[in-house]
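Here the structure is a predicted model, which means the values were calculated and not measured. Chain naming here is simple, since letters A, B, ... match the order of the sequence lines and numbering starts at 1 in each. Keep in mind that the numbers below use all heavy atoms, side chains included, and drop hydrogens, waters and symmetry copies.
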2 protein chains.
Amino acid sequence: MSSENTSIQMFGIKTPIIREGDDIVQILDKALEEAGLVPIDGDVFVLAESAVGTAERRAVRLASVNPGEKAKVLGEQYGIDPREMELVLQECDEIFGGVPGAALTITKGVLAPNAGIDASNAPEGYVILLPEDPRKSSEIIRSRLEQRYSCRLGVIIGDSRTQPLRLGCSGIALGVSGFVPVEDARGTDDIYGKPLRITYKAVADNLVSAAELLMGEAGERVPCVLIRGAPVSMINESPDMPTIPMEGCMYFGNIIKGRLEDKNCEKNV
Amino acid sequence: MSSENTSIQMFGIKTPIIREGDDIVQILDKALEEAGLVPIDGDVFVLAESAVGTAERRAVRLASVNPGEKAKVLGEQYGIDPREMELVLQECDEIFGGVPGAALTITKGVLAPNAGIDASNAPEGYVILLPEDPRKSSEIIRSRLEQRYSCRLGVIIGDSRTQPLRLGCSGIALGVSGFVPVEDARGTDDIYGKPLRITYKAVADNLVSAAELLMGEAGERVPCVLIRGAPVSMINESPDMPTIPMEGCMYFGNIIKGRLEDKNCEKNV
């Protein structure tokens, strides 16, 4: 963590529509050139999961999906197309409730409405599943970009989430490569030299939220944002996103537990 | 919303330690000059609630607080100093559970562990309450900054929050002035011309998360970040932060409701 950094620049990278099987690094390469941008050491690329998922052929034609009995029941319960619900059940690790239009799941270790499956920015009649392994995807993309530009970079596969009781989506990192995604501030002092109480910074999530200012959710064709000057700790690894267990979570700690116990929740097979 | 914006700049504004009764606008004025920065139309200032709270004399000496019976019981239950717990009870609208070290409350309409009360960056033996009225604070600061620099600005009073099941803090806007804090994207199309499903963007929260990349929680004395070029919709108002009711919230919808019903929760008087 470099404390000298006092300025950050962010560039939205416009691209053509990304299609199944596209090479996302080649597309970025061209888009960066058109924008007159050359990546430098420490730059972090935030990529929209929908773009990466599409390139990785994770778009699924709904008409090709045969919903099972459970998907029909839960689809009815949450007001979700049973074929999409079937995909949610296939994709998620666990499903534990929901509201109209959204089944609440844990998918690839992350809290995700509808297993992160999205019809926005998918071709008509299609939905896009999350990248199979966002950590791996970010690693491959970083490795290729670093080779191409001969510098050390960070890559994040980012998604959108609502926060509890908030209107509107902010950012979440699904997979990261090349930097420390959560900074541990334990042991550092506050402005009065006392130990800090808030001890972790969600650096990767904050980078995605920052990128979402430029990305938009709409037809803006900005699936990538380049962030320059962010005070991140670069590493030559692709660390797992650290999570906390339900018991230790402020929101779920003593709330969901009781509900899980009274078996009112659905569990995936 | 200007879709031409494809680049954002952020500047961390270093200041001296902010003390009770300080004039935060004068401090910013001096710090901006030292940094060689002149605000321009559309700039958004993100200010840390702890700095604003301190200037507004919201620091409370714990030794001056007399905890009541309820504060003692709940303090014991959540592992919180009973005097701080007393302040939490006084400050919050509602308290509905918690985990060790954090009582989960709604305070000034926002989900806030320990009513947003923080000992970090407070003098030894003190805690800092949230600004009395963050919306009003942001309005006053904006009005004075706009007058000083003869341009249209945005101001956010920002705080840190953990997200469900995530390690690390990201940003949340407590009060905003001068721009639309949540963009309504309903009616816009995705890249294929289909209506969008994700319909709101938490612009203000995302701006705070972006600012937190430079702010740090530690003794970095960067209580303010100036964000330039963000595609926000400027308005001459200080809108309330839009929230969603528990029933409509993905996380609390069918989870907390059941718990509230079985009266396992504490309620503030």
Side-chain angles (χ1 to χ4, degrees), chain A residues 3 6-12 17 97 99 102 104 111 113 119-121 123-124 160 162-170 182 185 188-192 194 196-198 200-202 205-206 209-210 212-214 217-221 230 242-244 249-256 258-259, chain B residues 3 6-12 17 97 99 102 104 111 113 119-121 123-124 160 162-170 182 185 188-192 194 196-198 200-202 205-206 209-210 212-214 217-221 230 242-244 249-256 258-259:
Chain A
S3 61
T6 52
S7 158
I8 291 175
Q9 275 184 295
M10 303 201 291
F11 306 94
I17 292 184
V99 290
L104 192 55
L111 206 58
S120 297
N121 295 326
E124 183 76 44
S160 293
T162 54
Q163 288 188 284
L165 304 186
R166 299 296 271 183
L167 183 66
C169 286
S170 46
V182 175
T188 58
D189 292 339
D190 72 4
I191 56 175
Y192 289 95
K194 296 186 284 84
L196 272 186
R197 192 156 74 164
I198 296 175
Y200 293 95
K201 287 184 69 177
D205 288 347
N206 285 344
S209 290
E212 294 212 335
L213 293 166
L214 287 171
E217 292 290 339
E220 288 159 19
R221 294 186 199 171
T243 54
I244 53 175
C249 170
M250 198 181 301
Y251 307 107
F252 288 94
N254 64 357
I255 293 163
I256 273 195
R259 294 286 281 175
Chain B
S3 61
T6 52
S7 159
I8 290 175
Q9 275 184 295
M10 304 202 289
F11 306 95
I17 292 184
V99 290
L104 191 54
L111 206 58
S120 296
N121 296 326
E124 183 77 42
S160 292
T162 54
Q163 288 188 285
L165 304 186
R166 298 296 271 184
L167 183 67
C169 286
S170 45
V182 175
T188 58
D189 293 339
D190 72 3
I191 55 174
Y192 290 95
K194 296 185 284 86
L196 272 187
R197 191 155 75 165
I198 296 174
Y200 294 95
K201 285 183 72 175
D205 289 346
N206 285 344
S209 290
E212 294 212 336
L213 292 167
L214 287 171
E217 292 289 339
E220 289 159 19
R221 294 185 199 172
T243 53
I244 52 175
C249 170
M250 199 181 301
Y251 307 106
F252 288 94
N254 64 355
I255 293 164
I256 273 196
R259 294 287 281 174

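- Under the 4.5 Å side-chain criterion, counting only non-hydrogen atoms from C-beta, A:Ile244 is in contact with B:Leu167.
- The two residues B:Gly168 and A:Val182 come nearest to each other via the heavy atoms CA-CG1, 4.3 Å.
- Annotation for B:Lys201 and A:Glu212: closest pair NZ-O, 2.9 Å, computed over non-hydrogen atoms.
- The distance from atom CZ of B:Phe11 to atom CD1 of A:Ile8, rounded to the nearest 0.5 Å, is 11.0 Å.
- Looking at B:Leu111, the atoms closer than 4.5 Å to chain A (heavy atoms on both sides) all sit in the side chain, from C-beta outward.
- Minimum interatomic distance between A:Asn206 and B:Ser170 (heavy atoms only, all atoms of both residues): OD1-CB, 2.9 Å.
- Nearest heavy atom pair, residue B:Leu213 against residue A:Ala210, reads CD1-CB, 4.3 Å.
- Residues B:Gln9 and A:Gln9 approach most closely at CG-CG, 3.8 Å, considering heavy atoms.
- No other option in A:Ala102, A:Gly12, A:Ser209 has as many heavy-atom pairs under 4.5 Å with chain B as A:Ser209.
- Side-chain contact between A:Arg166 and B:Asp205: present, with at least one pair of heavy atoms (C-beta onward) separated by less than 4.5 Å.
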